[in-house]
Amino acid sequence: MSQNEYAVIEAAEVAHWAAHTEEADVVIVGLGCAGVCAAIEAREAGADVLVFERASGGGGVTGMAAGHLYLGGGTRVQKAVGVDDTVEDMFTYLMMNTPEPDEEKIRRYCDESVSHFDWLVEMGVPFNDTMYKGKHVLQMTDECLIWSGNEEVHPFREKAKPAPRGHKVAQVGELGGAKMMECLTAKAESLGIRIVYDAHVHNLVREEGKIVGVSYRVYGEEKGSVRARKAVILAAGQFTQNEDLLEEYLPELLDEAYMRQFTPNDDGAGHQLGRAAGGVLKHMDGALVTAAFYPPESHIKGILVNQEGKRYVSEDSYHSRSSMFTTKQSDRRGWLILDEKTYAVEPQHYGAYPLVDAFETVEEIEKALEMPTGSLQKTVSSYNEHAAKGEDPEFHKGKKWLTPLDQAPFAALDASVGQATYMAFTLGGLDVTIEGEVIAKGGGTISGLYAIGGCASNIAQDGTGYSSGTCIGESTFFGRRAGRHSASS
Ligand SMILES: Cc1cc2nc3c(=O)[nH]c(=O)nc-3n(C[C@H](O)[C@H](O)[C@H](O)COP(=O)(O)OP(=O)(O)OC[C@H]3O[C@@H](n4cnc5c(N)ncnc54)[C@H](O)[C@@H]3O)c2cc1C
């Protein structure tokens with residue numbers, strides 16, 4: 001089957017309905033963090049739940065994730081480590097940081113963030129009452145809280161009191177997402193939720209305008225159609241692997257310079273099934289694109305400059321924000337300029353910016369990088385003059401990162417797309433209500449159909465306005481809502 005053969009069939013066309021014993025109230029397509037949370041909530045609300053998972057085990061992209069969740073407003077961990085946060089500050093920050101914020105969804109997400117954290121703990125997901133205080137992409141310890149966004153960056157810090165809100169599942173280093181899936185899947189199984197693995201859902205079944213079931217295959221063998229008495233929930237993840245969908249919506253990511261992050265099942269099955277049913281796709285050109293240049297932290301004290309020798313972003317921004325700005329410079333080129341005291345070889349930065357060379361003067365860098373004569377010298381001299389006074393009138397970089405770059409030798413690291421390592425995954429998905437109901441092209445919702453997680457569009461929209469933990473945070477949060485709502489439909 002080619003990637004784009006997902007379809008909706010009418011119930012009258014169903015060749016083989018599975019036995020009544022295989023029916024369920026709620027059928028969920030995909031067992032990642034969104035699907036498992038929906039399954040638990042639907043079951044707790046009294047529904048008989050059946051999950052189809054295409055892989056031989058659950059987890060999806062969630063299983064590859066570090067396992068940060070963006071939560072705040074006074075969680076147990078924030079309080080334990082002395083972080084003072086409020087729902088209002090979290091709300092203001094997310095509203096500012098999101099390109100086209102959905103106020104109702106962000107409001108609910110912030111209002112119920114603490115209780116969502118408590119629910120995850122109740123389900124068995126562990127979080128330590130600790131904080132990693134440095135600036136990092138992800139803590140290599142099992143410490144929980146981390147600064148994972150632009151909270152301390154201008155102009156956000158002036159409008160919303162900054163607080164760290166990235167909560168990592170208690171797991172040393174990476175794979176916090178896998179740990180979370182292990183806990184939530186065990187919980188789902190203990191509740192008697194039926195899970196069928198190696199089951200590839202390829203059709204939705206419609207009857208009198210309502211989605212009433214799915215058809216699936218196991219190892220290519222047709223297994224017929226299964227009825228969903230109340231609803232089908234699409235929880236099939238992102239479309240990062242699907243080159244046809246990328247061609248249509250995000251052709252830039254087909255450039256080999258980007259290292260796309262996906263599992264083999266990230267073909268946008270949910271997007272395609274939802275679209276075939278009459279749903280609308282939103283923010284499909286949005287992606288998390290990032291090449292982080294920290295750690296080491298001292299590199300944040302350097303400056304990012306473009307081919308014109310000019311700065312283009314505050315270097316203390318969250319790594320995907322600064323990376324996105326680099327991708328928007330001419331020829332997608334940029335360099336991180338450091339001096340003797342700010343350059344550090346270890347530990348290696350995530351984006352692996354290659355060292356162009358070391359230079360005795362800024363003028364030499366300018367020549368080597370073919371920037372207009374005097375341009376970089378002017379930028380560095382103006383930056384240094386203000387940094388010496390603890391100021392950055394151009395981009396308002398935080399005071400603690402300001403130091404004159406005046407000690408030779410100087411280093412230029414290549415931040416350009418094609419040189420540094422840019423990783424990417426997609427963020428767009430089906431337009432849904434706050435309950436996860438799929439919104440129909442002509443208005444209203446598609447009866448019996450929900451979408452959550454990576455195949456839905458809720459809060460995360462693009463890399464400039466992303467904070468680590470938003471995807472899993474919203475996938476689990478809105479997944480739970482869809483589970484409850486579908487069970488009561
Ligand atoms: C490397 C990496 C690290 C990340 N780290 C973080 C992080 O720390 N914090 C954060 O918030 N976000 C992170 N993200 C993003 C985040 O992991 C995802 O957005 C989120 O996990 C999506 O959850 P999901 O349940 O929608 O999808 P998934 O976890 O991908 O689950 C979808 C499931 O559906 C199954 N499926 C697909 N098609 C079908 C079909 N046709 N039939 C049946 N089953 C199907 C898949 O096999 C999969 O198991 C990261 C992403 C990547 C790539």
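None of the values given here were measured: they were computed from a predicted structure. Counting starts at 1 for both ligands and their atoms, following the listed order.
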Out of all atoms in ligand 1, which are within 4.0 Å of some heavy atom of [X]? Include the element for each.
{"X": "A269", "result": "38 (N), 41 (N)"}
{"X": "Q261", "result": "1 (C), 53 (C)"}
{"X": "F52", "result": "43 (C), 44 (N)"}

Which one holds for [X] and ligand 1: side chain close, backbone close, both close, or neither close, with close meaning a heavy atom under 4.0 Å?
{"X": "C455", "result": "neither"}
{"X": "A235", "result": "backbone"}
{"X": "T470", "result": "backbone"}
{"X": "F425", "result": "side chain"}

Pairs of nitrogen or oxygen atoms closer than 3.5 Å, one from [X] and one from ligand 1: do any exist?
{"X": "V201", "result": "yes"}
{"X": "I472", "result": "yes"}
{"X": "G454", "result": "yes"}
{"X": "C33", "result": "yes"}
{"X": "R54", "result": "yes"}
{"X": "C471", "result": "yes"}
{"X": "V29", "result": "no"}
{"X": "N265", "result": "yes"}

Considering Q238, H68, H271, H202 one by one, which has a heavy atom nearer to atom 8 (O) of ligand 1 than any of the others?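 Looking at heavy atoms only, the winner is H68.
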
From atom 25 (O) of ligand 1, work out which of G429, G67, A34, G166 has a heavy atom at the shortest distance.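 Of the listed residues, A34 has the closest heavy atom.
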
Aromatic ring centroids of [X] and [Y] under 6.0 Å?
{"X": "Y6", "Y": "H200", "value": "yes"}
{"X": "F477", "Y": "H116", "value": "yes"}
{"X": "H167", "Y": "F117", "value": "yes"}

With side chains defined as the heavy atoms from C-beta onward, is the minimum distance between [X] and [Y] less than 4.5 Å?
{"X": "I193", "Y": "V51", "answer": "yes"}
{"X": "Q78", "Y": "L145", "answer": "yes"}
{"X": "V14", "Y": "S215", "answer": "no"}
{"X": "V169", "Y": "V125", "answer": "yes"}

Atom CD of E222 with >12 non-hydrogen neighbours under 6.0 angstrom: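 Yes, CD of E222 has more than 12 neighbouring heavy atoms, counting only those of other groups under 6.0 Å.
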
Taking atom NZ of K79 as the centre, report whether more than 12 heavy atoms of other residues, nucleotides or ligands fall under 6.0 Å from it.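 No, not enclosed.
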
Would R107 count as a cation-pi partner of F91, with NZ or CZ less than 6.0 Å from the six-membered ring centre and within 45° of the ring normal?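 Output yes; distance and angle both within limits.
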
Cation over ring face, K135 and Y294, 6.0 Å, 45°: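 Geometry flag: set, cation within 6.0 Å and 45°.
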
What is the closest protein heavy atom to [atom], and at what distance does it sit?
{"atom": "atom 30 (O) of ligand 1", "answer": "V61 N, 2.9 Å"}
{"atom": "atom 49 (O) of ligand 1", "answer": "E53 OE1, 2.7 Å"}
{"atom": "atom 21 (O) of ligand 1", "answer": "T62 OG1, 2.8 Å"}

Within less than 4.0 angstrom of ligand 1, does [X] place any heavy atom?
{"X": "G469", "result": "yes"}
{"X": "Y466", "result": "yes"}
{"X": "G59", "result": "yes"}

State which residue, out of E41, E474, E122, fulfils the salt bridge (Lys or Arg N to Asp or Glu O under 4.0 Å) condition with R480.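 Per the salt bridge (Lys or Arg N to Asp or Glu O under 4.0 Å) rule, the option paired with R480 is E41, out of E41, E474, E122.
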
Under a 3.5 Å cutoff, is there a donor and acceptor pairing between the side chains of H68 and Q139?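 Judged by distance alone, the side chains do pair up.
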
